[in-house]
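Written out below as structure tokens is the structure these notes cover.
Chain letters run A, B, ... following the sequence lines, proteins first, then strands; residues in each count from 1.
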Protein chains: 2
Amino acid sequence: MISLTEENYLKALIYLSFLAPGVEEKKDVGTNELASYLKLKSSTVNEMLKRLKEKNLINHEKYKKITLTPSGEQNGLKIVRKHRLWETFLFTKLDFDWIEIHEVAEQLEHIKSEKLVGKIDKLLGYPNFDPHGDPIPDKHGKIPQRITKNLSAVDIGKNCIVLAVSDTSKDFLNYLEDLGISIKTEIGLIDKIAYDRSIKIKIKDKQYSISKKVADNLLVNEKFN
Amino acid sequence: MISLTEENYLKALIYLSFLAPGVEEKKDVGTNELASYLKLKSSTVNEMLKRLKEKNLINHEKYKKITLTPSGEQNGLKIVRKHRLWETFLFTKLDFDWIEIHEVAEQLEHIKSEKLVGKIDKLLGYPNFDPHGDPIPDKHGKIPQRITKNLSAVDIGKNCIVLAVSDTSKDFLNYLEDLGISIKTEIGLIDKIAYDRSIKIKIKDKQYSISKKVADNLLVNEKFN
DNA sequence: ATTATTAGTTAGGTAATACTAACTATTATA
DNA sequence: TATAATAGTTAGTATTACCTAACTAATAAT
Ligand SMILES: [Mn+2]
Ligand SMILES: [Mn+2]
Ligand SMILES: [Mn+2]
Ligand SMILES: [Mn+2]
């Protein structure tokens with residue numbers, strides 16, 4: 001039996017070691033890094049590491065970095081899968097807002113029922129990506145791959161679809177909401193201003209100007225049409 | 001904040017004091033009664049009673065019986081409501097079996113999101129009864145009333161609809177499943193055998209004989225047709 | 001009215017999960 | 001290389017939620 005708390009540690013380790021945006025190859029994780037991500041003290045994390053090691057979910061030697069065992073990774077990916085499936089359910093079937101889904105999914109991800117996960121997956125039509133555009137691991141833990149680029153890398157005159165965001169802070173999500181940008185929003189790239197590297201875009205025939213910082217945090221798929 | 005464990009205690013108190021089948025007027029609950037229902041030791045329950053009293057959820061004087069405060073009752077009814085809404089959701093939207101839903105709802109009932117409960121309620125069309133035929137408290141805690149009688153009290157020749165069961169043990173539910181009896185199953189009462197008080201019934205033109213004990217645990221609504 | 005039984009409480013202990021404060025090991029910098 | 005900074009561990013404490021064993025209070029039986 002893996003406790004709710006242990007599940008959250010595994011999910012965090014998955015995230016920090018290879019699922020976080022910008023992490024290309026798997027990287028080892030430090031105690032303090034994990035503690036600060038979970039908003040806990042490193043002594044607390046240190047105790048839990050002993051328990052996770054005991055349960056053969058992580059590898060960890062005193063004063064060394066942490067890696068997930070195959071079992072730890074599988075179990076962690078199951079939580080990620082449930083989290084993202086629930087987010088998709090809340091968004092597409094219950095009309096929750098983009099911003100609200102995470103907090104509720106944080107609870108729902110811990111419901112223990114293989115059958116329930118399978119039924120929700122089926123109900124949603126076996127989606128590959130959640131409403132934030134993040135890939136949903138399949139039941140074996142396989143993560144669907146995506147070809148995305150930053151909006152700032154899109155060529156002038158091209159249209160693209162928002163697939164994901166690389167910043168999920170409330171500030172950023174609220175700003176996007178104001179602009180009317182969410183997953184699957186179509187954006188046309190009108191112009192790139194050399195002076196401040198800001199970008200002129202078009203959403204449903206309305207034009208907006210966004211900063212390079214914003215454009216860098218929007219991951220898109222260029223449209224071929 | 002009411003913890004998951006505290007919520008389960010409140011739900012148990014609601015059940016034992018007025019929601020259990022056969023309990024007509026509200027009755028006070030004893031420490032041991034609660035302990036045995038929750039499959040805990042009375043010392044454990046005794047400790048929790050202190051905390052629940054501290055939080056103004058129950059009234060309890062040393063060596064006396066337990067009663068719920070208005071706050072305790074409201075909070076307990078919210079859990080009952082969520083439990084029964086989730087059971088309905090699993091049964092009607094995800095094709096779960098009658099027998100499987102309880103265990104999963106036992107987890108889902110603790111998800112904290114007013115909005116989620118409301119959305120599920122709406123998705124289900126604001127149902128008054130769950131798949132076991134038990135009433136679903138509304139958002140204010142009001143419990144819809146029903147006119148039911150035991151199958152054994154139905155007159156010979158009449159037809160009736162199963163609304164609820166007063167025994168929810170796995171053994172009984174499995175037996176009903178074998179007979180093809182579930183909520184909303186139509187049963188015709190063919191004959192009552194005086195000798196052993198067994199009852200001859202008809203389900204979809206097939207005849208069966210059931211014991212008085214079984215008939216007593218089936219709550220039905222006589223059909224007027 | 002005693003006494004036996006049942007109901008309820010108290011004391012003391014454990015495991016999981018958190019904390020602070022104080023320590024040690026590793027790594028970076030001058 | 002010596003020292004400072006960072007990373008990680010240990011010790012001791014708290015809370016929640018469970019336990020067993022031993023007790024006391026209330027109630028039923030003789
Ligand atoms: Mn999320
Ligand atoms: Mn979580
Ligand atoms: Mn149930
Ligand atoms: Mn429960």
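Using a 4.0 Å heavy-atom criterion, one finds that A:Ser42 contacts the bases of the nucleic acid, with or without backbone contacts as well.
To the nearest angstrom, P of D:dA26 lies 19 Å from CD of B:Glu33. For the pair B:Lys50 NZ and D:dT15 P, the interatomic distance rounds to 15 Å; values are reported in whole Å. The OH-C1' distance, from A:Tyr63 to C:dT27, rounds to 14 Å in whole Å. Atom CG in B:Leu49 sits about 13 Å away from atom C1' in C:dA7, given to the nearest Å. What separates CD of B:Glu7 from C1' of D:dA17 is a distance of 15 Å, to the nearest Å. At whole-Å resolution of the value, CG in B:Asn32 and C1' in D:dT27 are 14 Å apart. If you take NZ of B:Lys62 and P of D:dA26, they are 10 Å apart, rounded to a whole angstrom.
A donor-acceptor pair is defined here as one N or O able to donate and one able to accept, closer than 3.5 Å; no such pair exists between the side chain of A:Lys192 and the backbone of A:Ser198. No donor-acceptor distance shorter than 3.5 angstrom exists from the side chain of B:Thr44 to the backbone of B:Leu40, with no hydrogens or angles considered. Remark: the backbone N or O of A:His132 is paired with a side-chain donor or acceptor of A:Asp130 at under 3.5 angstrom.
Residues passing the side chain to side chain donor-acceptor pair (under 3.5 Å) test with B:Thr168, sequence neighbours excluded: none. Considering only residues two or more places apart in sequence or on other chains, A:Glu100 meets the side chain to side chain donor-acceptor pair (under 3.5 Å) condition with B:Lys115.
In this structure, the nucleotide among C:dG8, D:dT10, C:dT10 sitting nearest to the side chain of B:Ser43 is C:dT10.
Between B:Lys64 and D:dA25 there is no side-chain polar atom (N or O) within less than 4.0 angstrom of OP1 or OP2. Side-chain N/O atoms of B:Lys65 include one lying less than 4.0 angstrom from OP1 or OP2 on C:dG8.
Looking at A:Ser152 and A:Asp216, their side chains do bring a donor and an acceptor atom within 3.5 Å of each other.
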What N/O pairs connect the protein and nucleotides 14-18 of chain C at under 3.5 Å? Give each pair on its own line.
from	atom 1	to	atom 2	distance (Å)
C:dT17	OP1	A:Ser3	OG	2.7
C:dT17	OP2	A:Arg51	NH1	2.0

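Between A:Phe96 and B:Leu116, the closest side-chain pair of non-hydrogen atoms falls below 4.5 Å.
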